[in-house]
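For reference, the structure discussed in these notes is given below.
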Amino acid sequence: MDIFEILTLMDEKEIQVNKRLDSIISSNPDPFPFERINKGKSLLKLMEEIRKCIETDQLLLAGMKLKELEYQGIQLLLK
């Protein structure tokens with residue numbers, strides 16, 4: 001898979017996660033669903049770490065973090 005494909009797919013997933021977080025926050029003002037919000041934030045953080053690994057040519061580490069992202073429930077569909 002091409003690195004640019006991975007980055008494009010991650011951008012799409014980041015948008016989805018951000019929309020989902022906004023939806024969770026707006027629909028549940030009280031009581032706050034902290035567990036779901038924290039998971040969304042951790043997914044976004046992991047995606048940012050993957051992006052930094054790719055930018056610094058640490059592709060093996062990026063691959064390991066991609067596997068962790070898949071384990072957390074974000075599947076990047078390969079075309």
Side-chain angles (χ1 to χ4, degrees):
M1 172 181 269
D2 189 354
I3 291 175
F4 297 109
E5 270 185 88
I6 293 171
L7 290 174
T8 302
L9 291 172
M10 276 194 347
D11 287 340
E12 293 170 4
K13 293 296 181 179
E14 281 183 22
I15 291 169
Q16 289 177 351
V17 170
N18 278 321
K19 284 182 182 179
R20 184 68 181 142
L21 275 175
D22 291 341
S23 170
I24 291 169
I25 291 170
S26 66
S27 65
N28 296 305
D30 193 40
F32 231 45
F34 290 110
E35 183 177 308
R36 292 168 59 194
I37 291 172
N38 289 337
K39 181 172 181 178
K41 288 181 180 181
S42 70
L43 291 173
L44 291 173
K45 181 180 176 188
L46 187 56
M47 288 181 206
E48 183 61 32
E49 289 174 4
I50 293 168
R51 184 170 280 109
K52 286 181 183 179
C53 289
I54 290 172
E55 289 172 356
T56 59
D57 275 343
Q58 296 176 336
L59 300 181
L60 184 60
L61 184 58
M64 291 169 42
K65 289 186 181 285
L66 276 171
K67 284 291 184 191
E68 184 178 342
L69 188 65
E70 289 177 357
Y71 179 74
Q72 293 292 328
I74 300 291
Q75 299 294 323
L76 297 178
L77 300 175
L78 306 177
K79 296 179 182 177

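These numbers were taken from a predicted model, which means no experiment stands behind them. For reference, positions follow the sequence shown, starting with 1.
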Could you measure the distance from the [atom1] atom of [X] to the [atom2] atom of [Y]? Nearest 0.5 Å is fine.
{"X": "Ile6", "Y": "Met47", "atom1": "CD1", "atom2": "CE", "result": "13.0 Å"}
{"X": "Lys13", "Y": "Leu44", "atom1": "NZ", "atom2": "CG", "result": "13.0 Å"}
{"X": "Leu66", "Y": "Leu59", "atom1": "CG", "atom2": "CG", "result": "10.0 Å"}
{"X": "Asn18", "Y": "Ser23", "atom1": "CG", "atom2": "OG", "result": "12.0 Å"}

* List for me each residue that meets salt bridge (Lys or Arg N to Asp or Glu O under 4.0 Å) alongside Lys67, sequence neighbours excluded, and say none if there are none. =>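 Once residues adjacent in sequence are excluded, the partners of Lys67 under the salt bridge (Lys or Arg N to Asp or Glu O under 4.0 Å) criterion are Glu70.
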
* Leu46 and Ile37: same hydrophobic cluster, using ILVMFWY side-chain contacts below 4.5 Å? ->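 They do share one cluster, since a chain of ILVMFWY contacts under 4.5 Å joins Leu46 to Ile37.
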
* Hey, quick one: are Ile3 and Ile50 part of the same hydrophobic cluster, counting side-chain heavy atoms closer than 4.5 Å, chains of contacts allowed? ->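 Yes, same cluster.
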
* **Partner residues of Arg36 under the side chain to side chain contact (heavy atoms under 4.5 Å, CB included) criterion, sequence neighbours left out** =>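 By the side chain to side chain contact (heavy atoms under 4.5 Å, CB included) rule, Arg36 matches Arg20, Ile24, Asn28, Pro33.
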
* Kindly state each residue pair satisfying side chain to side chain donor-acceptor pair (under 3.5 Å) with at least one member in residues 39-53, sequence neighbours excluded. =>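 Matches after skipping sequence neighbours: Asp11-Arg51, Glu14-Arg51, Glu49-Lys65.
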
* Asked: Which heavy atom in Gly40 sits nearest to a heavy atom in Val17, and how many Å separate them?
  ->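 It is O-CG1, 3.7 Å.
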
* Close side-chain approach of Glu5 to Thr8, heavy-atom, < 4.5 Å ->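 No, their side chains stay 4.5 Å or more apart.
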
